Amino acid sequence: MKRNPYFEQISNRYLFQEVRHRLLHFKDKSPDARVISLSIGDTTEPIGPHTIQGLHDAVQALGDRATYTGYGPEQGFADVREAISKTIYQGKVPSDDIFVSDGSKCDIGRLQLLFGPACSVALQTPSYPVYQDTSLLFRNNPLILLPCTAENGFVPDLSPAASADILFLCNPCNPTGRAFSFSQLEQIVHFAIKHSITIIFDSAYSSYVQPGFPKSIYEIPGADTVAIELGSFSKIAGFSGVRLAWSVVPSKLNYSTGQPIKPDWMRIATTFFNGASIISQKGGMAVLSDAGMKEIDDQVNFYLANTKILKEAFTERGLEVYGGTHSPYLWVRFHGLSSWQAFDKMLQDMHIVTTPGIGFGQAGDGFLRISSFGSRASVTEAANRIKGGCLCSTQQ
Ligand code: PLP
């Protein structure tokens, strides 16, 4: 068998594997070090009791002949789609346009099947590496990179994207933490309408968006003619291991030929995917209830409070810190150091593992992404180490 030649286009070591590799090397040399991870963006806090009950009930139902069920509908259970429509979109997105899935990352990969090999893709740099890697695995058209820098307030100049077919946007952005304002998002939607661009709007962190800023691209009139939105329960409800997400493919969204996109997305759901786990979907129903949404709010506020603690520590050290307001991530600049140099310094001097900004694209060099997913104790300890400049006892 011949290898898919497009594998040559993506680095063979995914960012977090390289982080793990360096961490293992460090631990080998310093086995007593108490390393704190502010690196991988994975949730750490237990899921609330109401949601856990929903998951339990789903498991119980599978053990009883009367309530056992096998495959569900590929698009997701109707009640889950309706609950997403009602609770996340206040009924403004019809449930029929919502597709429940096993994760936004998987949806990003499957979406590439819609676009085909000829299309041209634009994306923010730095941004979630999956947009770039999945795009490169499907085609060899050069990517149109839209730099998001401190100098442009992490809001890209869109003009190079005028010729693009697809524009990936992450809001709030992983890693920069930037959330678009209404007027910025309005300009982006108008640009996409004018240039017939389809936007893939990844709102995996939407619950972190503060009042006064759009959580969904569909808050902008006309967006349902140009945008697919991705939502996930991973970072908002601690479901990164449970696996549950959704996509919105509006009925009004068409290919440049005028054909609707939605039937093809349904075709992909039936051909490549057999629907999200019943257990996850029942858990999702619990999340989308009043009690579940309260649990989400509590978790989001908990992580945002962690972010504040870390932000204060970096600021006290005189570093340039961005993000953290609408996002569980800080984006910290280290003048005069490359990202990997800053990463090694934090690891060697403070025994703190972070994520090098360059892993999110060339424009991320010189930055570290700091995740606030962690217990209050470990975040506080990390903040103390950052303020103290070092070190951390190696004893337990
Ligand atoms: N989108 C962004 C921007 C992310 O940062 C992540 C995970 O880190 C995902 C999507 C993945 O979401 P899921 O767990 O639903 O696959």
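Predicted model only: the values in this text are computed from it and were never measured.
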Subject >> S95 backbone acceptor or donor facing R81 side chain under 3.5 Å >> reply: yes
Subject >> Spatial distance of atom OG (S104) from atom CZ (F233) [nearest 0.5 Å] >> reply: 10.5 Å
Subject >> For D96, salt bridge (Lys or Arg N to Asp or Glu O under 4.0 Å) partners two or more places apart >> reply: K262
Original post:
Is it the case that R376 places NZ or CZ above or below the six-membered ring of F302, under 6.0 angstrom from the centre and within 45 degrees of the axis?
Top reply: yes
Original post:
For the side chain of S339 and the backbone of G364, is there at least one donor-acceptor N/O pair under 3.5 Å apart?
Top reply: yes
**OP:** Look only at the side chain of N306 and the backbone of S372, and say whether a donor-acceptor pair between them is shorter than 3.5 Å.
**Re:** yes
Original post:
Just checking, is any N or O donor in the side chain of Q210 or T325 under 3.5 Å from an acceptor N or O on the other one?
Top reply: no
**OP:** Report the relative orientation of the aromatic rings in F168 and Y131; use parallel for angles under 30°, tilted for 30 to 60°, perpendicular for over 60°.
**Re:** parallel
**OP:** For the pair K92 and E219, find out whether any cationic side-chain nitrogen is under 4.0 Å from an anionic carboxylate oxygen.
**Re:** no
Original post:
Is the backbone of S39 close enough, under 3.5 Å, to the side chain of R369 for a donor and an acceptor to pair up by distance?
Top reply: yes
Original post:
Do L62 and I279 come close enough that some side-chain heavy atom pair is under 4.5 Å?
Top reply: yes
**OP:** Could you tell me which residues satisfy side chain to side chain donor-acceptor pair (under 3.5 Å) with R20, sequence neighbours excluded, listed by chain and number?
**Re:** none
Original post:
Going by an N to O cut-off under 4.0 Å, is there a salt bridge joining R243 and D102?
Top reply: no
Original post:
Would a 4.5 Å heavy-atom cut-off, applied to side chains only, mark L136 and Y6 as touching?
Top reply: no
Original post:
So, are D298 and K294 salt-bridged, with charged N and O less than 4.0 Å apart?
Top reply: yes
Original post:
For the residue pair Y205 and Y208, does the interplanar ring angle fall in the parallel (under 30°), tilted (30 to 60°) or perpendicular (over 60°) class?
Top reply: tilted
Subject >> Ion pair K2/E8, N-O distance below 4.0 Å >> reply: no
**OP:** May I ask you to decide if C173's main-chain N or O and N171's side chain share a donor-acceptor pair within less than 3.5 Å?
**Re:** no
Subject >> Note: R22-E18 ion pair, threshold 4.0 Å (strictly below) >> reply: yes
Original post:
Are W246 and S101 close enough that a side-chain donor and a side-chain acceptor fall under 3.5 Å?
Top reply: no
Original post:
Out of H351, R385, M346, which one pairs with I36 under the side chain to side chain contact (heavy atoms under 4.5 Å, CB included) rule?
Top reply: R385
Subject >> Ionic contact status for E312 with K387, cut-off 4.0 Å >> reply: no
